[in-house]
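Notes follow once the structure below has been shown.
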Protein chains: 2
Amino acid sequence: MRKLPDISLELCRYSHVLEIISNKWTALAIYAMEDGTIRYGEMKRRIEGISQKMLTQTLKQLERDGVANRKLIPSVPPITEYSLTPLGESLLPLMNMLKLWAVDHYDDVKKARDEYDVSR
Amino acid sequence: MRKLPDISLELCRYSHVLEIISNKWTALAIYAMEDGTIRYGEMKRRIEGISQKMLTQTLKQLERDGVANRKLIPSVPPITEYSLTPLGESLLPLMNMLKLWAVDHYDDVKKARDEYDVSR
DNA sequence: CAGTATCCCGTACGATACTG
DNA sequence: CAGTATCGTACGGGATACTG
């Protein structure tokens, strides 16, 4: 009897997290909200290299995913404040592990890549 | 004095991990090697929906990053065995946290998305 | 200030065919 | 069995200009 595939994108649920946090700027946006409420403009200033389009797009996705809160204060000029939801805060330990792994092991990755690349 | 950007892709090191594991099939390939050595063909059978091209490409990247070992046994027909390196194994706790978070919170994400989508 | 609206490009991914 | 090689496409992301 033939063995059926037992690893699928659906069942093995890594991708469900990765589709949330693996976009280029998402982790940085979450990081910017870690200490509490922050305005759009201040995020833009704090996140090096991000464009308005990408910041807006990233925040929209986070809002849609229930990770970030958007609070528009109608004034002229307008004020928009972003913060993490409880769901968003539940991501923080995960993000910290990602960072720790990178700090501990990324040099090994770089070394492995260099060795691999010269050997071809 | 103007505050400089204090969050950058370089310094905040999330992306260093994500660039390794955030490809579509990478996590599943790592998962397939979790229990030890596995042949190319068996991985192909176990990972639902993966093509030869994507499996080969994924494994090559993992080998280059120092995450997977490739052992070619020259016979006819050839046998190729893949396994995790120590560096690869150091990723497993991380992957498990990803999975746990997904199991615990992905329903909330789905709900948030549904609500967001109907409200526009 | 906090966004939209366009245009454009590289590349991740997929389908298919071929090979030592 | 374990790969290459080639072609095609969708989409993430960037540059730039405009707006309530």
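Order of the sequence lines fixes the chain letters, A, B, ..., with proteins taken first and strands second; residue numbering starts at 1 for each chain. Heavy-atom basis, side chains included; hydrogens, waters and symmetry copies ignored.
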- DNA chain D nearest-nucleotide lookup for A:Gly49 and B:Glu81: closer to the 5′ end is B:Glu81
- State plainly whether one hydrophobic cluster holds both B:Ile30 and B:Ile38, where clusters connect Ile, Leu, Val, Met, Phe, Trp and Tyr through side-chain heavy atoms under 4.5 angstrom apart. yes
- Query: Taking 5' to 3' order, which nucleotide of DNA chain C is first and which is last to have an atom within less than 4.0 Å of a heavy atom in chain A?
  - Reply: C:dC1 to C:dT6
- Task: Can you see which heavy atom on A:Ser15 is nearest to which on A:Leu9, and at what distance?
- Result: OG-O, 3.4 Å
- Message: Can you list, in residue-number order, the parts of residues 24-32 of chain A that come under 4.0 Å of DNA chain D, counting heavy atoms only?
- Response: A:Lys24, A:Trp25
- Message: Under the criterion side-chain contact (heavy atoms from CB on, under 4.5 Å), I'd like the reasoning laid out for B:Lys110 against A:His16: C-alpha separation, chi angles, the key distance, then a yes or no.
- Response: CA-CA 10 Å; B:Lys110 273 200 296 197; A:His16 290 157; over 6 Å; no
- Item | N/O donor-acceptor pair under 3.5 Å between B:Thr37 side chain and B:Ser83 backbone | no
- May I ask you to test the A:Arg70-A:Leu59 pair for a side-chain heavy-atom distance under 4.5 Å? no
- Determine to 10° how strongly the helix from C:dC1-D:dG20 to C:dG20-D:dC1 is bent, judged from the axes of its five-pair ends. 50°
- Just one of B:Ile50, B:Thr58, B:Ile47, B:Leu55 clears the side chain to side chain contact (heavy atoms under 4.5 Å, CB included) bar with B:Leu28, so which one? B:Ile47
- Query: Under 4.5 Å between any side-chain heavy atoms of B:Arg64 and B:Lys60, yes or no?
  - Reply: no
- Connected via hydrophobic side-chain network under 4.5 Å: B:Tyr31 and B:Leu84: yes
- Query: When all nucleic acid strands are considered with a 4.0 Å heavy-atom cut-off, which category describes A:Ser51: base, sugar-phosphate, or nothing?
  - Reply: nothing
- Task: Return the value, rounded to whole Å, for the distance between atom CD1 of A:Ile50 and atom C1' of D:dA15.
- Result: 14 Å
- Item | Nucleic acid footprint by protein, nucleotides 6-11 of chain D - heavy-atom cut-off 4.0 Å, B for base, S for sugar-phosphate alone | B-----
- Task: Could you state the atom-to-atom distance from CG of B:Leu9 to C1' of D:dG12 in whole Å?
- Result: 14 Å
- Backbone N or O of A:Gln52 within a donor-acceptor pair of the A:Tyr40 side chain at under 3.5 Å? yes
- Expected list for residues 61-79 of chain A near DNA chain D, using heavy atoms below 4.0 Å, is A:Pro78
- Message: Just verifying a value: how many Å separate A:Glu89 CD and A:Glu34 CD, rounded to the nearest 0.5 Å?
- Response: 9.5 Å
- Gap between atom OG1 of B:Thr80 and atom CE of B:Met43 - 0.5 Å precision: 12.0 Å
- Gap separating the CZ atom of A:Arg39 from the CD1 atom of A:Ile79, nearest 0.5 angstrom: 4.0 Å
Which pairs of donor and acceptor atoms, one on a side chain in residues 92-106 of chain B, lie under 3.5 Å apart (sequence neighbours left out)?
{"residue": "B:Trp101", "atom": "NE1", "partner": "A:Ser90", "partner atom": "O", "Å": "3.3"}
{"residue": "B:Trp101", "atom": "NE1", "partner": "A:Ser90", "partner atom": "OG", "Å": "3.0"}
{"residue": "B:Tyr106", "atom": "OH", "partner": "A:Glu19", "partner atom": "OE2", "Å": "2.8"}
{"residue": "B:Tyr106", "atom": "OH", "partner": "B:Arg113", "partner atom": "NH1", "Å": "3.4"}

- Query: Do the side chain of B:Thr26 and the main chain of B:Ser22 share a donor and acceptor less than 3.5 angstrom apart?
  - Reply: no
- Query: Under 4.5 Å between side-chain heavy atoms, hopping through other hydrophobics if needed: is there a path connecting B:Leu87 to B:Met33?
  - Reply: yes
